[in-house]
Amino acid sequence: MTGLLGPAEIRELAARLGVTPTKKLGQNFVHDPNTVRRIVTTAGLAPDDVALEVGPGLGSLTLALLPVAAHVHAVELDPALAAALPATAARFAGPDAARLTVHPGDALRVTAADLADPAPTALVANLPYNVAVPVVLHLLAELPTLRHGLVMVQKEVADRLVAGPGSKVYGVPSVKLAWYARARAAGKVPPNVFWPVPNVDSGLVAFTRHAPPRADVPRAAVFAVVDAAFAQRRKTLRAALAGWAGGADRAAEALTAAGVDPGARGESLTVEQFAAIAASAPTAPSTAQ
């Protein structure tokens, strides 16, 4: 890979664009070429992969993706950065810049139709810390063509995303990601590769999509059970799911029918068990996100 952005290029681009990183948009720009090389290598892109990048910023990771992906979709919320990215790609990536499509807007509102030509197969992104989990879950729900991905997020968030049952940090993000994909920790990233320097470490999370644990239970129904179980995670499931089921006794009946101990807590259950509970629901849950 050539033409990657170092500290000098990052500062020059930011100054020329009048860009100052903001906490509101969760902007921390990577200025270390070795880090973006590592991310792209770890992502394991095939020559026919279409990469989706969220929050490309000044283009550090974008430039590393362009030589190895068949196409790169970059979704950028900041209008100034979105407008400048094609010129940056042309300047540093040469002919590879033709494989870039920039989409100004909010990744939380992007649809499959927005990214249809060609459809993304891999999510590779340095995600803004404040929206990392919602973005990952939204994109997996909206884009069935996403087969795998590698995201850089706050280390604490990374730990939650890859946690398994019984872990102290196992919770809603862990279970919901497990519905879509098998996730694993793929390494740590120190703060000093960013500008400005954050006060936390970052972590890499790799995932590979798999079929849902149950084809006969709607995702929304399963997620409603997950949300209810962890809203009161210190309570037994019999108590925590009382509101969801229409009473503690009805919750206990659904749990027993699903083969789950009513005295257990949500943090001990697999996504398959949550799906079994949803399938045994006395009444259909009304809402879920």
Worksheet, complete the sentence: Heavy-atom closest pair (L85 atom, L100 atom, distance to 0.1 Å) is CG-CD2, 4.1 Å
Worksheet item: Crowded around R234 CZ? As in, over 12 foreign heavy atoms under 6.0 Å?
Response: no
Worksheet item: Can you check whether D201 reaches V189 side chain to side chain, under 4.5 Å on heavy atoms?
Response: no
Worksheet item: Does R209 use its side chain to pair, donor to acceptor, with the backbone of L140 at less than 3.5 Å?
Response: yes
Discussion item. When you measure from the side chain of T145 to the backbone of P120, do you find a donor-acceptor pair of N or O atoms at a distance under 3.5 Å?
Written reply: yes
Practice prompt. Report yes if the side chains of F223 and V172 come closer than 4.5 Å at any heavy-atom pair, otherwise no.
Written response: no
Worksheet item: For the side chain of T121 and the backbone of R147, is there at least one donor-acceptor N/O pair under 3.5 Å apart?
Response: no
Discussion item. I'd like to know if the side chain of S268 and the backbone of A264 have a donor-acceptor N/O pair within less than 3.5 Å.
Written reply: no
Worksheet entry | Non-hydrogen side-chain atoms of W179 and L137 separated by less than 4.5 Å | no
Worksheet item: In Å and rounded to the nearest 0.5 Å, what is the CG to CZ distance from L177 to F207?
Response: 7.5 Å
Worksheet item: Is the closest side-chain donor-acceptor distance between T111 and E142 under 3.5 Å?
Response: no
Item to complete: Under the side chain to side chain contact (heavy atoms under 4.5 Å, CB included) rule, what do V157 and Y129 come out as? Steps first, then yes or no, please.
Response: CA-CA 8 Å; V157 174; Y129 290 166; over 6 Å; no
Practice prompt. Start with the C-alpha gap between K155 and K188, add the side-chain angles, then the distance that decides, and say whether side chain to side chain contact (heavy atoms under 4.5 Å, CB included) holds.
Written response: CA-CA 7 Å; K155 180 63 168 59; K188 292 198 299 183; 3.3 Å; yes
Worksheet entry | Spatial distance of atom OG1 (T208) from atom CG (L146) [nearest 0.5 Å] | 12.0 Å
Worksheet item: Roughly how far apart are L269 CG and D261 CG, rounded to 0.5 Å?
Response: 9.5 Å
Item to complete: Might you work through the side chain to side chain contact (heavy atoms under 4.5 Å, CB included) test for R219 and Y180, ending with a clear yes or no?
Response: CA-CA 10 Å; R219 179 182 70 238; Y180 297 105; 3.0 Å; yes
Worksheet item: Taking 4.0 angstrom as the limit, do R109 and D114 come out as a salt bridge?
Response: no
Worksheet item: Are any of the side-chain heavy atoms of F29 and L81 separated by less than 4.5 Å?
Response: yes
Worksheet, complete the sentence: Between the CG atom in D227 and the CZ atom in F274, the distance rounded to the nearest 0.5 Å is 10.0 Å
Worksheet item: Is it true that R233 and E267 have a side-chain N and a carboxylate O under 4.0 angstrom from each other?
Response: yes
Discussion item. Looking at A252, is its backbone amide N or carbonyl O close enough to the side chain of T256 to form a donor-acceptor pair, meaning the two atoms are under 3.5 Å apart?
Written reply: yes
Worksheet item: Given side chains that start at C-beta, do those of L65 and E53 come closer than 4.5 Å, heavy atoms only?
Response: yes
Practice prompt. Verify, without hydrogens or angle tests, whether E76 (side chain) and D78 (backbone) share a donor-acceptor contact under 3.5 angstrom.
Written response: yes
Item to complete: Flag the pair V30 / I10 as yes when at least one side-chain heavy-atom distance between them is below 4.5 Å, and no otherwise.
Response: no
Worksheet item: Is there a side-chain contact between L58 and T88, using heavy atoms and a 4.5 Å cut-off?
Response: no
Discussion item. I'd like to know if the side chain of H31 reaches the main chain of P196, judged simply by a donor and an acceptor atom lying under 3.5 Å from each other, with no hydrogens or angles considered.
Written reply: no
Item to complete: Kindly determine whether D249 and R238 satisfy side chain to side chain contact (heavy atoms under 4.5 Å, CB included), including the steps that lead there.
Response: CA-CA 7 Å; D249 289 342; R238 183 182 189 278; 2.4 Å; yes
Worksheet, complete the sentence: Partner of V36 under side-chain contact (heavy atoms from CB on, under 4.5 Å), picked from N126, V124, T62, L4, is L4
Worksheet item: Could R91 and E12 be called an ion pair, given the rule that one side-chain N must be under 4.0 Å from one carboxylate O?
Response: yes
Discussion item. Between H73 (side chain only) and P118 (backbone N and O only), is there a donor and an acceptor less than 3.5 Å apart?
Written reply: yes
Fill in: Closest non-hydrogen atom pair, V205 against A183
CG1-CB, 4.3 Å
Item to complete: Please answer: with hydrophobic residues joined when any side-chain heavy atoms are less than 4.5 Å apart, are V153 and V169 in the same cluster?
Response: no
Discussion item. For a 4.5 angstrom cut-off between non-hydrogen side-chain atoms, does H148 reach D49?
Written reply: yes
Worksheet item: Shared ILVMFWY cluster between V110 and V50, side chains joined below 4.5 angstrom?
Response: no
Fill in: T41 side chain to R38 backbone, donor-acceptor under 3.5 Å
no
Worksheet item: Out of curiosity, E272 CD to I277 CD1, how far, rounded to the nearest 0.5 Å?
Response: 12.0 Å
Practice prompt. Find the distance between CD1 (I39) and CG (L150) and round it off to the nearest 0.5 Å.
Written response: 6.5 Å
Worksheet item: Are the side chain of R160 and the backbone N or O of G171 linked by a donor-acceptor pair below 3.5 Å?
Response: no
Worksheet item: Should the ring pair F230 and Y170 be called parallel, tilted or perpendicular, given that the plane angle runs from 0 to 90° and is split at 30 and 60?
Response: perpendicular
Discussion item. Before you tell me yes or no, could you show the steps for T101 and H71 under side chain to side chain donor-acceptor pair (under 3.5 Å), namely the whole-Å CA-CA distance, both residues' side-chain angles and the distance that decides it to 0.1 Å?
Written reply: CA-CA 8 Å; T101 303; H71 196 85; 2.7 Å; yes
